[in-house]
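The next block holds one structure in the form of C-alpha cells; read it before the comments.
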Amino acid sequence: QVTRSSPQTSSPKLSVPRRATPRTAMPAGSVAIANAQTAVYPYETPGGWSIIGRTPLTVFDPARDPASLFAPGDRVRFVAVSRIEFERLK
C-alpha cells in the first residue's frame with residue numbers, strides 16, 4: 001500500500017546498523033533496513049542492509065509508465081501475506 005504523506009521520523013527501535021559484511025546478492029524485492037531508513041531492492045544487487053521481508057511486486061520496471069511504484073514523498077505500509085498470496089501477486 002502506497003500513500004502520499006509528509007515525511008515522518010521512524011522509531012529509534014527500528015534503527016539498526018548496516019551489516020559489517022555486505023551480502024554479495026540481495027534478491028529483487030527484498031525489504032531491508034539500515035540505520036533509520038528502509039528500502040526495497042528493485043533488482044538483485046549486492047547490499048549491506050538487513051533484510052526484514054520481501055515483496056512479490058516488481059517495484060521498478062523501465063518498460064512501465066511510471067517505471068517505479070514509488071514516488072518521492074510516498075509513505076509505504078508493508079503487510080504480511082501468506083506464501084500462497086505472495087505467489088499469486090508475483
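These values consider heavy atoms only, across backbone and side chains, with no hydrogens, waters or symmetry-generated copies.
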Checking [X] side chain against [Y] main chain: does a donor-acceptor pair fall under 3.5 Å?
X	Y	result
T55	L57	yes
T58	D61	no
S30	A32	no

Under 4.5 Å between any side-chain heavy atoms of [X] and [Y], yes or no?
X	Y	result
V81	R88	no
R19	S50	yes
T24	P46	no

In terms of heavy-atom contacts, does CZ of R64 have more than 12 from other residues, nucleotides or ligands at under 6.0 Å?
yes

For L89, look at atom CG and say whether over 12 heavy atoms of other residues, nucleotides or ligands are found less than 6.0 Å away.
yes

Out of curiosity, does [Y] fall in the hydrophobic cluster containing [X] (side-chain heavy atoms, cut-off under 4.5 Å, transitive links)?
X	Y	answer
F60	F78	no
F70	V31	yes
V76	F86	no
Y43	V59	no

Could you report the tightest heavy-atom contact between R18 and A34, atom names first, then the distance?
CG-CB, 3.8 Å

Minimum heavy-atom separation for P62 and A67, please, with both atom names.
CA-CB, 4.0 Å

Considering only Ile, Leu, Val, Met, Phe, Trp and Tyr, and joining two whenever side-chain heavy atoms are under 4.5 Å apart, list the other residues clustered with M26.
Y41, W49, I51

Rounding to 0.5 Å, atoms OG1 (T38) and CD1 (I33) come to a distance of 6.5 Å

